[in-house]
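Step one of this worksheet: look at the structure below.
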Amino acid sequence: MPRNIKIASLLTGKYCDQEVCARGWVRTRRDSKGLSFINLNDGSNQAGIQIVAEAGLENYGEALKLNVGASVEVLGKLVPSPAKGQPYEIQAKALRIFGNASGEEYPLQKKGHTLEFLREIAHLRPRTNTFGSVFRVRNTLAHAVHTFFQERGFMYVHTPIITASDAEGAGEMFRVTTLDLDRPPRTETGVVDFSHDFFGREVSLTVSGQLEGEIFATAFSEVYTFGPTFRAENSNTSRHLAEFWMVEPEMAFYDLGDTIDLAEAFLKYLISRCLEDRAEDLAFLQKYYNKELTTTLDHIVHSPFQRVSYTDAVEILEKSGQSFELPVSWGTDLHSEHERFLTEQHFKSPVVVVDYPREIKAFYMRQNDDDRTVAAMDVLFPKLGEVLGGSQREERYDRLLARLKELNLNEKNYWWYLDLRRFGTVPHAGFGLGLERFVQFVTGMGNIRDVIPFPRVPKNASF
RNA sequence: UCCCCAGUAGCUCAGUCGGUAGAGCAGAUGGCUGUUAACCAUCUUGUCCGUGGUUCGAGUCCGCGCUGGGGAGCCA
């Protein structure tokens with residue numbers, strides 16, 4: 001008797017008229033006289049499978065007491081369903097109940113719940129239709145990230161979570177310490193003495209794996225990191241998390257154009273995989289959360305990404321005749337409304353803006369010959385704005401050192417980063433993609449807290 | 001961090017002029033020969049976010065706090 005076949009596989013019809021076993025959790029139960037219909041879901045798909053239990057079952061009495069949330073195993077014959085609503089169903093011959101769920105106490109009902117309520121029961125929300133779809137899409141995206149890079153010969157490098165470096169000299173970091181917070185050791189001048197801390201120095205949770213990624217790119221040529229990152233910013237928005245996942249490829253011998261080509265292929269691949277492999281989930285999400293979801297995703301896959309320099313983009317915005325909430329002028333960063341105008345109104349496709357003013361970008365970005373811009377790029381999507389950002393890195397030792405000094409960054413903290421430019425330096429580049437923001441885009445979910453299993457935000461780290 | 005809004009049954013909400021709280025859904029029980037968030041009948045359910053104040057009397061008015069949501073800034 002076949003076991004361990006997921007419900008999604010059973011519904012392909014491959015096992016029709018065979019004895020099968022399904023295990024999962026009850027989503028709904030409806031009964032008529034002498035007959036009970038159970039919808040069983042094991043997380044492998046959106047629809048679940050219909051179990052038909054008849055009065056002849058040995059434990060039919062118990063079956064009638066099954067509540068939403070109960071865990072069961074069913075043995076029976078997989079047959080085409082005579083009724084509308086599902087292609088196949090299982091005629092139960094034996095039903096094993098692992099654990100019932102109290103109808104009075106189980107918080108999930110056979111009706112819609114608000115996303116805010118479900119956030120409070122993050123241990124149960126994966127069992128809902130919405131979160132089932134969201135997390136299957138998230139998984140498909142994560143898998144596709146690895147597939148995309150591995151197929152191109154990129155090495156997956158595990159950059160550290162605990163780090164002594166600060167990737168951009170900006171952004172609040174979470175300190176990691178084992179010091180006694182009530183009575184920390186202090187130096188003679190009274191400041192906390194981290195030489196007595198676990199690592200003998202101040203360390204924090206990483207805000208980016210990029211700098212360490214560059215180390216490996218200068219040995220393995222093409223690498224990527226994919227892991228959690230942490231920002232202690234007090235941001236209370238639907239687009240920020242204190243803990244989120246980033247994908248950061250880093251490539252030796254790439255210039256900015258090569259990197260844009262890679263980013264475009266990467267984003268299109270990720271979306272294509274979801275459209276192909278998660279059609280049922282996207283259809284569900286489209287129905288309940290974003291009516292234009294698949295249209296938008298299809299559009300991205302089939303549009304060539306337009307490329308425009310920051311300087312030209314500012315000129316387009318200035319000449320557009322649009323009245324923006326915030327003014328546009330050369331030297332300031334583009335705001336969301338500007339990005340959306342470019343991608344939605346002007347180009348009507350994804351846009352890659354390149355060569356930003358050096359003053360608004362990070363120290364490690366490669367300075368262009370005009371001495372006022374750097375080889376940076378942002379990919380803008382309709383309705384979203386910036387989805388991915390990257391740059392060619394400054395590989396010239398003197399230029400990098402001068403830039404560090406210009407920004408009053410302590411070069412001693414970057415000694416190993418500078419060494420990469422002293423020994424066998426090469427042109428190289430990379431980009432970063434915030435996974436959750438992208439999952440938001442692909443699923444149509446409005447709040448980033450609903451696309452990560454256990455969101456960490458200011459004032460809340462439940463579960 | 002700033003601005004705005006909200007917090008009443010397990011969930012979603014109503015609650016008039018300040019007079020001690022109600023509906024739908026869920027749940028329980030019974031019915032129904034194939035149901036699709038099944039349907040029909042009956043029944044149960046409250047720290048009105050917390051705290052201080054005004055008042056004869058506060059779910060309702062006022063102050064403070066907590067939590068949640070939307071927007072802004074920052075960013076991914």
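What you see is a predicted model; the values in this text were computed from it and never measured. Throughout, a chain's letter reflects where its sequence line sits, starting with A, and its residues are numbered from 1. Side chains are part of it too, since the values below use all heavy atoms of this structure and drop only hydrogens, waters and symmetry mates.
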Within this structure, what is the CZ-OH distance for the pair F154(A) and Y224(A), rounded to the nearest 0.5 Å? 10.0 Å
Distance, rounded to the nearest Å, where E172(A) contributes CD and U1(B) contributes C1': 12 Å
Which whole number of Å gives the distance between the C1' atom of A9(B) and that of A26(B)? 11 Å
Compare the minimum distances between each of A76(B), A28(B), U1(B) and the side chain of E104(A), then state the nucleotide with the smallest one. A28(B)
Sticking with atom P, work out how far G15(B) lies from C61(B), rounded to a whole angstrom. 12 Å
If you restrict it to nitrogen or oxygen atoms, what contacts under 3.5 Å exist between nucleotides 5-8 of chain B and the protein, and what is each distance?
none

Derivation of the side chain to side chain contact (heavy atoms under 4.5 Å, CB included) call for L293(A) and L282(A): CA-CA 8 Å; L293(A) 187 60; L282(A) 292 182; 4.2 Å; yes
Side chain to side chain contact (heavy atoms under 4.5 Å, CB included), that's the test. Do K268(A) and F305(A) meet it? Break it down for me. CA-CA 10 Å; K268(A) 287 179 172 175; F305(A) 290 15; 3.5 Å; yes
Counting only heavy atoms not in Q150(A) (residues, nucleotides, ligands), do more than 12 fall under 6.0 Å from its CD? yes
Start with the C-alpha gap between D378(A) and L334(A), add the side-chain angles, then the distance that decides, and say whether side chain to side chain contact (heavy atoms under 4.5 Å, CB included) holds. CA-CA 10 Å; D378(A) 281 349; L334(A) 300 178; over 6 Å; no
If we take the P atom in both U44(B) and C32(B), what is their distance in whole Å? 24 Å
Within the structure shown, what part of the strands sits under 4.0 Å from L435(A) by heavy-atom distance: base, sugar-phosphate, or nothing? nothing
Using Watson-Crick or G-U wobble geometry with both distances under 3.5 Å, which nucleotide pairs with U20(B)? none
Could I get a table of every N or O pair under 3.5 Å where one atom is in the protein and the other is in nucleotides 11-13 of chain B?
unit_1 : atom_1 : unit_2  : atom_2 : d
C11(B) : O4'    : Q109(A) : NE2    : 3.3
C11(B) : O2     : K111(A) : NZ     : 3.0
U12(B) : OP1    : T114(A) : OG1    : 2.9

Counting only side-chain heavy atoms from C-beta out, which of A72(B), A76(B), G69(B) sits nearest to T237(A)? A72(B)
Salt bridge between E337(A) and R340(A), side-chain N to carboxylate O under 4.0 Å? no
For N67(A) and G85(A), find the nucleotide of RNA chain B closest to each by heavy atoms; which residue's nucleotide sits nearer the 5' end? N67(A)
Nearest-Å distance once atom C1' is located in both A58(B) and U20(B): 10 Å
Are the charged groups of R136(A) and E280(A) less than 4.0 angstrom apart, N to O? no
G30(B) and G71(B): how far apart are their P atoms, nearest whole angstrom? 48 Å
Under a 3.5 Å limit on both distances, the Watson-Crick or wobble mate of G57(B) is none
Between L124(A) (CG) and G10(B) (P), how many Å, whole number? 17 Å
Run the side chain to side chain contact (heavy atoms under 4.5 Å, CB included) test on V157(A) and E212(A) for me, step by step, so that the C-alpha distance in whole Å, both residues' side-chain angles and the decisive distance to 0.1 Å come before the verdict. CA-CA 9 Å; V157(A) 53; E212(A) 291 89 349; over 6 Å; no
Distance in angstrom units between F230(A) CZ and A76(B) C1', rounded: 14 Å
Phosphate contact (G70(B) OP1 or OP2) by N447(A) side-chain N/O below 4.0 Å: yes
Taking only side-chain N and O atoms of K110(A), does any of them lie within less than 4.0 angstrom of OP1 or OP2 on U36(B)? no
Across all strands, who's sitting opposite C64(B) as a Watson-Crick or G-U wobble pair, both distances under 3.5 Å? G50(B)
Under 4.0 Å between any heavy atoms, over every strand shown, what does L326(A) touch: base, sugar-phosphate, or nothing? Just pick one. sugar-phosphate
Could you give the distance separating G50(B) and G7(B) at their C1' atoms, to the nearest angstrom? 11 Å
Under a 3.5 Å limit for both distances, which nucleotide forms a Watson-Crick or G-U wobble pair with G27(B), could you say? C43(B)
Is the ring centre of F363(A) less than 6.0 Å from the ring centre of Y414(A)? yes
Ignoring hydrogens and angles, state whether a donor on the side chain of S208(A) or E248(A) is under 3.5 Å from an acceptor on the partner side chain. yes
If you draw the axis of the six-membered ring of F148(A), does the NZ or CZ of R152(A) fall within 45° of it and under 6.0 Å from the ring centre? yes
By the 4.0 Å heavy-atom rule, please label G103(A) as base, sugar-phosphate, or nothing. sugar-phosphate
Atom CD1 of I448(A) to atom P of C75(B): distance rounded to whole Å? 16 Å
Tell me whether F216(A) at atom CZ has more than 12 heavy atoms from other residues, nucleotides or ligands lying less than 6.0 Å away. no
base_contact_polar (U67(B) base, N460(A) side chain, donor-acceptor, <3.5 Å): no
Under 3.5 Å on both distances, the Watson-Crick or G-U partner of C2(B): G71(B)
At under 4.0 Å, does any side-chain N or O of R449(A) touch on OP1 or OP2 of G69(B)? yes
Need one value for T28(A): base, sugar-phosphate or nothing, where a base atom within 4.0 Å counts as base even if backbone is also close, heavy atoms only. sugar-phosphate
One thing to verify: whether R307(A) and D261(A) come together as a salt bridge, which I'm taking to mean a side-chain N less than 4.0 angstrom from a carboxylate O. yes
Whole Å only: how far is the CG atom of L66(A) from the P atom of A28(B)? 11 Å
Measure CZ/R29(A) against P/A38(B) and give the value in whole Å, please. 11 Å
On RNA chain B, check which nucleotide each of R119(A) and N234(A) is closest to and give me the residue with the more 5' one. N234(A)
So among T343(A), V352(A), I260(A), which one has a side-chain contact (heavy atoms from CB on, under 4.5 Å) with V379(A)? V352(A)
Measuring only the P atom in each nucleotide, how far is G69(B) from C75(B)? A whole number of Å is fine. 23 Å
Between the protein and nucleotides 31-35 of chain B, which nitrogen or oxygen pairs come in under 3.5 angstrom?
unit_1 : atom_1 : unit_2 : atom_2 : d
C32(B) : OP2    : K33(A) : NZ     : 2.8
G34(B) : OP1    : S32(A) : OG     : 3.0
G34(B) : N1     : E89(A) : OE2    : 2.8
G34(B) : N2     : Q50(A) : NE2    : 3.4
G34(B) : N2     : E89(A) : OE1    : 2.4
G34(B) : N2     : E89(A) : OE2    : 3.1
U35(B) : O2'    : R30(A) : NE     : 3.4
U35(B) : O2     : R30(A) : NE     : 2.7
U35(B) : O2     : R30(A) : NH2    : 3.1
U35(B) : N3     : Q50(A) : OE1    : 2.9
U35(B) : N3     : Q50(A) : NE2    : 3.2
U35(B) : O4     : Q50(A) : NE2    : 2.6
U35(B) : O4     : Q86(A) : NE2    : 3.1

Watson-Crick or G-U counterpart of A38(B), or none if no pair lies under 3.5 Å: none
Nearest-angstrom distance, P atom, G52(B) to C39(B): 46 Å
Between F341(A) and F324(A) (judged by ring centroids, cut-off 6.0 Å), do the two rings come close enough to count as a pair? yes
